[in-house]
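Residue numbers begin at 1 in each chain, while the letters A, B, ... track the order of the sequences. Basis for what follows: all heavy atoms, side chains included, without hydrogens, waters or symmetry-related copies.
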Amino acid sequence: MVVAKRLVSFQGDILRRQQARIQIMSELTGPAQQRLFRRLLLAWFDAHARDLPWRRTADPYAIWVSEIMLQQTRVNAVLDHYARFMARFPTIAALARAEEPEVLAVWSGLGYYRRARMLHKAAQVVAGSLAGKVPETAEALRELPGIGEYTSAAIASIAFGDSVAAVDGNVERVVLRLTAMEPAANGKRVRETAQALLDRDRPGDFNQSMMELGAVICLPKNPLCLECPVQMLCRTRGEHPTTARKEMQTKDANYAFLKREKRRNFVEILLEKRPSDASLMAGMWELPHLAAGTADPNRLLLSLRHSITTTNYKVSILGYAPDEEQSLPKSKARKWIKAEALADLPLTGLARKALKRLGFLHGTVSNGSLVKTTAADAFNPLFP
DNA sequence: CACGCGTGGTG
DNA sequence: TCACCAAGCGT
């Protein structure tokens, strides 16, 4: 708190002292302005960077894993999974020789499961044809599945000191605000500006500091300009381009919940595996899916909401007795799973959420998307 | 190049 | 509460 106040005061002083130069400085065009920008930004980063596990390692594999997990995913959501993933697959070799379902099980809950599959495949490429050595340039990294323009630049700069700017959503927003560039004049000019600003001596730290600035100061909605270390170099001071939003649609989805108790303390849940060629969450386990319109309100165990990209699902979980299995739509991939084994299965996020609410999974993650829970005991003994 | 892919935090 | 969206990639 004290530090924050001092920082604000310090920024204020600088701002006042350089008031007269703002018009020139704000262009960020000359080498002097760019040097000042680097110095201010990196000094701020050195003093305020969050202490994150992947910043405590020089292992290219660990940095790689963190970058894949961080794609479109917030730091807080990654922390937990990162620790579990690295504990289970500490090396490229360990990941490469794992079976895909286990990789998916550890990834379960993070979303974008294709990332896990591609990371797994890429690890097998590195362990195999690259003799275990992670490529050391952005260009070479780009060849691996799951590593695109941003991620290749991030890994190359952070792990190997390659002087290439990493431009993610944060950096794009920061550059647009700094330069007052029109968002339509996008991509290329933003990358050129980021590359021109890049600190050649500390490319990894510079890239992370740009992202950190976007993540904690130069926020999308209400940027904290008073705390910004490069405020006096910024053309817009927080104005930002409006982005068109996509229309969300709402759909219903129904799933069946069946449990049986073979003997005391041996409970099984009926699950089904999604086809391995499904476009969505292929090969992952979920509760038996019921056709739309078949939901009997008397069977409702719980209802919850679940959003997938542009669709909001209103999900109903319906209770059935174990001997009603035949009445479900036919499926080859259905199987009774021991309750204790659930945690080791690659479950879809929705199945995980529902099983947690039903008391069959115990994890750290829980959220407020539960809409309603009925007293299932009122109509049958299915509910624990 | 626009779109599909997941999830949990947040104001 | 709920709409929005966050360290992108592949097609």
Checklist entry - Would A:Thr73 and A:Arg115 count as a side chain to side chain donor-acceptor pair (under 3.5 Å) if you check the C-alpha gap in whole Å, the side-chain angles of each, and the deciding distance to 0.1 Å? => result CA-CA 11 Å; A:Thr73 308; A:Arg115 294 183 297 178; 3.0 Å; yes
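- Checked against B:dG6, C:dA6, C:dG8, the side chain of A:Asp168 finds its nearest nucleotide in C:dG8.
- Picking from C:dA6, C:dC9, B:dG6 the nucleotide with the shortest atom distance to the side chain of A:Gln71 gives C:dC9.
- A:Glu136 meets the side-chain hydrogen bond (donor to acceptor under 3.5 Å, both in side chains) test with A:Lys133; sequence neighbours excluded.
- A:Ile147 has its CD1 atom 12 Å from the C1' atom of C:dG8, to the nearest Å.
- Using a 4.0 Å heavy-atom criterion, one finds that A:Leu110 contacts the bases of the nucleic acid, with or without backbone contacts as well.
- No side-chain donor-acceptor contact under 3.5 Å links A:Tyr320 and A:Glu325.
- The nearest heavy atom of DNA chain C to A:Met211 and to A:Pro145 marks one nucleotide each, and the one closer to the 5' end goes with A:Met211.
- Distance alone, capped at 3.5 Å, places no donor-acceptor pair between the A:Glu286 side chain and the A:Ala351 backbone.
- Taking side-chain N and O atoms only, A:Gln72 has a distance below 4.0 Å to OP1 or OP2 of C:dG8.
- Using a 4.0 Å heavy-atom cutoff across all strands shown, A:Trp107 reaches no nucleic acid atom at all.
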Next on the checklist: I'd like to know whether A:Phe45 forms a side chain to side chain contact (heavy atoms under 4.5 Å, CB included) with A:Leu213, so could you lay out the CA-CA distance, the side-chain angles of the two residues, the decisive distance to 0.1 Å, and finally the verdict.
Outcome noted: CA-CA 8 Å; A:Phe45 184 69; A:Leu213 188 72; over 6 Å; no
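- Among the protein residues, A:Met118 comes within range of the sugar-phosphate backbone only, with heavy atoms under 4.0 Å from sugar or phosphate atoms but none that close to a base.
- A:Gln208 comes within 4.0 angstrom of no nucleic acid atom, judged by non-hydrogen atoms across all strands.
- Checking B:dG8, C:dC9, B:dG6 against every side-chain atom of A:Tyr113, the shortest atom distance belongs to B:dG6.
- Rounded to whole Å, the distance from CE on A:Met284 to P on B:dC5 is 14 Å.
- A:Asp162 contributes no side-chain N or O that, together with a main-chain N or O of A:Val164, makes up a donor-acceptor pair within less than 3.5 Å.
- Contacts of A:Ile63 with the nucleic acid, taken as non-hydrogen atoms under 4.0 Å apart, are absent.
- Residue order along DNA chain B, read from the 5' end via each residue's closest nucleotide, puts A:Gly111 first among A:Asn222 and A:Gly111.
- Within 4.0 Å of A:Arg50, counting heavy atoms only, lies at least one base atom of the nucleic acid.
- Atom pair A:Lys221:NZ and B:dT10:P shows a separation of 13 Å (rounding to whole Å applied).
- Donor-acceptor pairing under 3.5 Å, judged by distance alone, is absent between the side chain of A:Arg115 and the base of B:dC5.
- Distance CZ (A:Arg173) to P (C:dA6): 6 Å, rounded to an integer number of Å.
- Rounded to whole angstrom, the span from the CG atom of A:Leu79 across to the P atom of C:dA6 amounts to 18 Å.
- Taking every side-chain heavy atom of A:Tyr112 into account, B:dC5 is the closest of C:dG10, C:dA6, B:dC5.
- Separation of the P atoms belonging to B:dG8 and C:dC9 is 22 Å when rounded to the nearest angstrom.
- Comparing atom distances between the A:Thr151 side chain and each of C:dA6, C:dG8, B:dG4 picks out C:dG8 as nearest.
- Under the 4.5 Å side-chain heavy-atom criterion for grouping Ile, Leu, Val, Met, Phe, Trp and Tyr, A:Val134 is connected to A:Met69 within one hydrophobic cluster.
- Between the CZ atom of A:Arg74 and the C1' atom of C:dG8 there is a distance of 15 Å, given to the nearest Å.
- Side chain of A:His48 to main chain of A:Glu212: no donor-acceptor pair is present (N/O by atom type, distance under 3.5 Å, no hydrogens or angles).
- Between the side chains of A:Arg352 and A:Ser108, at least one donor-acceptor pair of N or O atoms lies under 3.5 Å.
- Between A:Arg142 and A:Ser66, the residue whose closest nucleotide on DNA chain C is further toward the 5' end is A:Ser66.
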Next on the checklist: For DNA chain B, please output the secondary structure as dot-bracket, reading 5' to 3'. Pairs are Watson-Crick or G-U wobble, both atom distances under 3.5 Å; mark crossing pairs with [ ], other-strand partners with |, unpaired with a dot.
Outcome noted: .||||.|||||
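- No N or O donor and acceptor, one from the side chain of A:Thr73 and one from the base of B:dG8, sit under 3.5 Å apart.
- Nearer to the 5' terminus of DNA chain B, by closest-nucleotide assignment, is the contact made by A:Gly109 (compared with the other of A:Gly109 and A:Asn76).
- Here C:dC9 presents its C1' atom at 11 Å from CD of A:Glu149, a figure rounded to the nearest Å.
- If you take CD1 of A:Ile68 and P of C:dC9, they are 7 Å apart, rounded to a whole angstrom.
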